[in-house]
**Student:** 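Mind having a look at this structure? Questions to follow.
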Amino acid sequence: MAAAYLEKLNDQQKQAVEHGVSGERGDASRPLLIIAGAGSGKTNTLAHRVAHLIVNGADPRRILLMTFSRRAAAEMARRVERICAKVFGTSGSAMSDALTWAGTFHGIGARLLRIYAEQIGVDPDFTIHDREDSADLMNLARHELGFSKTENRFPTKGTCLSIYSRVVNSETPLDEVLRAFYPWVSEWQAQLRELFAAYVEAKQAQNVLDYDDLLLYWAQMVADPVLAEEIGGRFDHVLVDEYQDTNRLQSSVLLALKPEGRGLTVVGDDAQSIYSFRAATVRNILDFPKSFTPEADVITLDRNYRSTQPILAAANGVIDLARERFTKNLWTDRQSSERPRLLTVADEADQARYIAERVLENRESGMTLKQQAVLFRTSSHSGPLEVELTRRNIPFVKFGGLKFLDSAHVKDLLAILRFSQNPRDRVAGFRTMQMLPGVGPQTAGKILDAIAADPEPLAALAEIPAPPRSGEDWAAFASLMEGLRKGSSGWPAEIGWARQWYEPHLDRIHEDADTRKADLLQLEQIAAGYPSRERFLTELTLDPPDATSDQAGTPLLDEDYLILSTIHSAKGQEWRSVFMLNVVDGCIPSDLGAGSTHELEEERRLLYVGMTRARDSLTLIIPQRFFTGGQHAQGDRHVFASRSRFIPVTLLQFFETGSWPVVGPRATERAGERQVRIDVAARMRSMWK
Ligand code: ATP
Ligand code: MG
């Protein structure tokens, strides 16, 4: 008889959970692929499988669990904990706490690299560059090689980085990548080769790694048979969620960890593959079974537990027309008479007002804010809504949207910490040095050159005579760096120390220094949630925390708040009610792509991913006048939008502005109804006070 905690699962799910678990050390040996549609319980099944392995004696510290985000990893650990608690009583949490190797591919890569760095000739104090830092470094290399002169129209730093990244992640030669994705820059092939060589050399000299390196170095580690065995030998079980969004490099590190597929389980849905712009390839999931002899076992799930039948029918209607797909249509027994809504409103302001009012109305009828989400194609699309929500005091959290991380003063403080961790990091070094009065790029460059040659660069810094005009500041700076090097004050006190040194600089430069200081305090609060400077810098770079509407910036953990998210970041999640913004052509599908069939198909899957997040209620909104912010050569403008070509109109219920009683300026003319709405909003506001 199956264990009690497996009772709720259907037969296919149970089969996936129990696959190969013999009872002794949870020795699930044969590789397994679970391929199934949205909401069919893939993640849930994976969590049960982890718990089942632990219950059967697997050591949680030897389980590697890779998910799409840190949030997803934490959620998975929570589910495992719940199940373990049922079986073991109170020791359940200890079981899942020991699940220490749960995270993203990049995060896990960074951790393994710190452990094994020296064995592959990398200094373990490496710092990690985010996309912007990487583009800056690429730009430096472009300048040094003289490729950046405007008249020769050499590709921008961003394009150069994208090309480089695609070559690395898809393990495809440069000429092929150019031919397939960047035909208009093919003439620069020789220069690009030279540029990429210089970029790689600069990274090595400075001991910095970009995102791609985390995977590339990992691949290099496991290319060495001895290291591969050692690293692979750390883990008895390796489980991967959202496998459809891994790229070639990720699948090759995975296969190198477990060449025979022992203890390997991957889970995914080809219809939800939405990261091909980062070289993810759905082939990984399709080719998985054939990577082993004998082939991996495959289990499919076809019952959807998430959405009502009309929502699922509409989502299936979108994906049915896809050119190529492998997973079958899903079914559900969650009947409902409510079809998804397709609502046309006048413009984005109208859209924001509509959502705010509906969200409050839902809350009035018992749906918490947390059970509702607003999804959009591009982060900037939520701007008008954020304004409206703030005006009405409706709390919200925007996934991955911690905007203030992009602001100059926050980057400055982070640069100081990064520089102290790795003084060879030139992007951080330039930024830090130029905070000193009288130090410009030239002096900064000279100082950085001088210390880079020293085996103890920060100690060498103290020996350098103060540059003119920065006398006292220099001494304070040198002692800050010395303190950070020794790590004497410990984490998170270090960040407070760096902030205090930095603040007078802010006062000198900015009139709004006080608001900026508040951001820095907020950063310090966030920092306190991480165990060390190194982990803080690594994880902030790889997976920034979510933004909250609360000015104090403390996460609203116990409170209720609405979720705002890009469709990409909403992957794997679900809400009772989902609103999708700007479901218009040009937005989804986006007109930023080159318009190839391939790209269009990915936009179709993106809409499918968004729609399948909804459990009970789904509303797609079409603003008729749509603002395209600076995406076009002619600058900002309004366009008259038409609904997305992917919408299966027969499966939705239509509303126009005005036919939905509460929305928009025209609706406000109906005085009686408007009055009611205002009352509701005011009542809700007073509840949060
Ligand atoms: P996605 O493709 O979006 O990642 P998924 O396949 O991973 O979805 P889950 O998130 O695991 O699906 O599950 C979707 C919902 O269905 C969850 O609310 C989960 O609790 C519920 N669910 C899964 N299996 C069952 C089951 N056997 N009985 C009841 N509810 C279930
Ligand atoms: Mg999932």
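Nothing here was measured: the structure is a model prediction, and the numbers come from that model. Just so you know, ligand 1 is whichever comes first in the structure, and atom 1 is the first atom listed for that ligand.
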**Student:** Would you say Leu9 contacts ligand 1, with heavy atoms under 4.0 Å as the rule?
**Tutor:**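 Yes, Leu9 has heavy atoms under 4.0 Å from ligand 1.
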
**Student:** How far is atom 16 (O) of ligand 1 from its nearest protein heavy atom, and which residue and atom is that?
**Tutor:**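 Its nearest protein heavy-atom neighbour is Tyr305 CB, 3.2 Å.
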
**Student:** So, taking the atom named CD in Gln15 and the one named OG1 in Thr300, what distance separates them when rounded to the nearest 0.5 Å?
**Tutor:**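 Taking CD in Gln15 and OG1 in Thr300, the distance rounds to 9.0 Å.
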
**Student:** Near Asn44, which atoms of ligand 1 are under 4.0 Å from a heavy atom of that residue?
**Tutor:**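 With Asn44 as reference, the close atoms of ligand 1 come out as 11 (O), 22 (N), 23 (C), 24 (N), 25 (C).
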
**Student:** Please verify whether a non-hydrogen atom of Gly39 lies at under 4.0 Å from ligand 1.
**Tutor:**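 Under 4.0 Å: yes for Gly39.
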
**Student:** Please write down residue, atom name and distance for the protein heavy atom closest to atom 5 (P) of ligand 1.
**Tutor:**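 For atom 5 (P) of ligand 1, the nearest protein heavy atom is Lys42 N, 3.4 Å.
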
**Student:** Give the ring-plane orientation class for Phe105 versus Trp218, where under 30° counts as parallel, over 60° as perpendicular and anything between as tilted.
**Tutor:**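 Ring orientation of Phe105 relative to Trp218: tilted.
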
**Student:** Number the atoms of ligand 1 from 1 as they appear, then name those within less than 4.0 Å of a heavy atom of Gly37, with their elements.
**Tutor:**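 Near Gly37, meaning under 4.0 Å from one of its heavy atoms, ligand 1 has 6 (O).
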
**Student:** Side chains of Tyr275 and His568: does their closest heavy-atom pair fall under 4.5 Å?
**Tutor:**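 A side-chain contact exists here, since the closest heavy-atom pair is under 4.5 Å.
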
**Student:** Looking only at distances, can you tell me whether any N or O atom of Asp269, backbone or side chain, sits closer than 3.5 Å to an N or O atom of ligand 1?
**Tutor:**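 Between Asp269 and ligand 1, no N or O pair is found under 3.5 Å apart.
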
**Student:** Run the salt bridge (Lys or Arg N to Asp or Glu O under 4.0 Å) test on Asp560 and Arg363 for me, step by step, so that the C-alpha distance in whole Å, both residues' side-chain angles and the decisive distance to 0.1 Å come before the verdict.
**Tutor:** CA-CA 10 Å; Asp560 199 17; Arg363 182 157 186 208; 3.7 Å; yes

**Student:** Mark yes or no for whether Glu601, through its side chain, and His598, through its backbone, hold a donor-acceptor pair below 3.5 Å.
**Tutor:**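 No; judged by distance alone, with no hydrogens or angles, the pair does not exist.
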
**Student:** Classify the ring geometry of His48 against Tyr5: parallel below 30°, tilted from 30° to 60°, perpendicular beyond 60°.
**Tutor:**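 Ring orientation of His48 relative to Tyr5: parallel.
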
**Student:** Quick one, Asn362 with Gln372, criterion side chain to side chain donor-acceptor pair (under 3.5 Å). Give me CA distance, side-chain angles, the key distance, then yes/no.
**Tutor:** CA-CA 9 Å; Asn362 285 343; Gln372 311 182 51; 3.0 Å; yes

**Student:** Would you mind checking which non-hydrogen protein atom is closest to atom 3 (O) of ligand 1, with the distance to 0.1 Å?
**Tutor:**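 Checking every protein heavy atom, the shortest distance to atom 3 (O) of ligand 1 gives Arg613 NH1, 2.6 Å.
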
**Student:** Name the option, out of Arg306, Gln573, Gln272, that contains the heavy atom nearest to atom 10 (O) of ligand 1.
**Tutor:**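 Checking each option, the heavy atom nearest atom 10 (O) of ligand 1 is found in Arg306.
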
**Student:** May I ask you to list the atoms of ligand 1 that are less than 4.0 angstrom from any heavy atom of Lys8?
**Tutor:**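 The list of qualifying atoms is 26 (C), 27 (N), 28 (N).
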
**Student:** Does the side chain of Leu257 reach to within under 4.5 Å of the side chain of Val253, using non-hydrogen atoms?
**Tutor:**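 No; the side chains remain at least 4.5 Å from each other.
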
**Student:** Quick test: of every protein heavy atom, which one is nearest to atom 24 (N) of ligand 1, and how far off is it to 0.1 Å?
**Tutor:**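 Here the nearest protein heavy atom works out to Gln13 NE2, 3.1 Å.
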
**Student:** Which residue and non-hydrogen atom of the protein lie closest to atom 13 (O) of ligand 1, and at what distance in Å?
**Tutor:**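 The protein heavy atom lying closest is Gly41 CA, 3.6 Å.
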
**Student:** Applying a heavy-atom cut-off of 4.0 Å, say which part of Glu574 lies close to ligand 1: side chain, backbone, both or neither.
**Tutor:**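 The side chain, only.
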
**Student:** If you measure from each heavy atom of Arg615 to ligand 1, is any distance below 4.0 Å?
**Tutor:**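 So Arg615 does not count as touching ligand 1.
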
**Student:** Check whether any side-chain heavy atom of Pro589 lies under 4.5 Å from a side-chain heavy atom of Arg645, and answer yes or no.
**Tutor:**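 Yes, their side chains come closer than 4.5 Å.
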
**Student:** Please state which protein non-hydrogen atom is closest to atom 4 (O) of ligand 1 and give its distance, to 0.1 Å?
**Tutor:**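 In this structure, atom 4 (O) of ligand 1 has Gly572 CA, 3.6 Å as its nearest protein heavy atom.
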
**Student:** Under the 3.5 angstrom rule, does the side chain of Asn247 hit a backbone N or O of Leu249 as a donor-acceptor pair?
**Tutor:**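 Side chain of Asn247 to backbone of Leu249, a donor-acceptor pair under 3.5 Å: yes, one is there.
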
**Student:** Counting backbone and side-chain atoms alike, is an N, O or S atom of Thr43 positioned under 2.8 Å from the Mg ion (ligand 2)?
**Tutor:**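 Yes, since at least one N, O or S atom of Thr43 sits under 2.8 Å from the Mg ion (ligand 2).
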
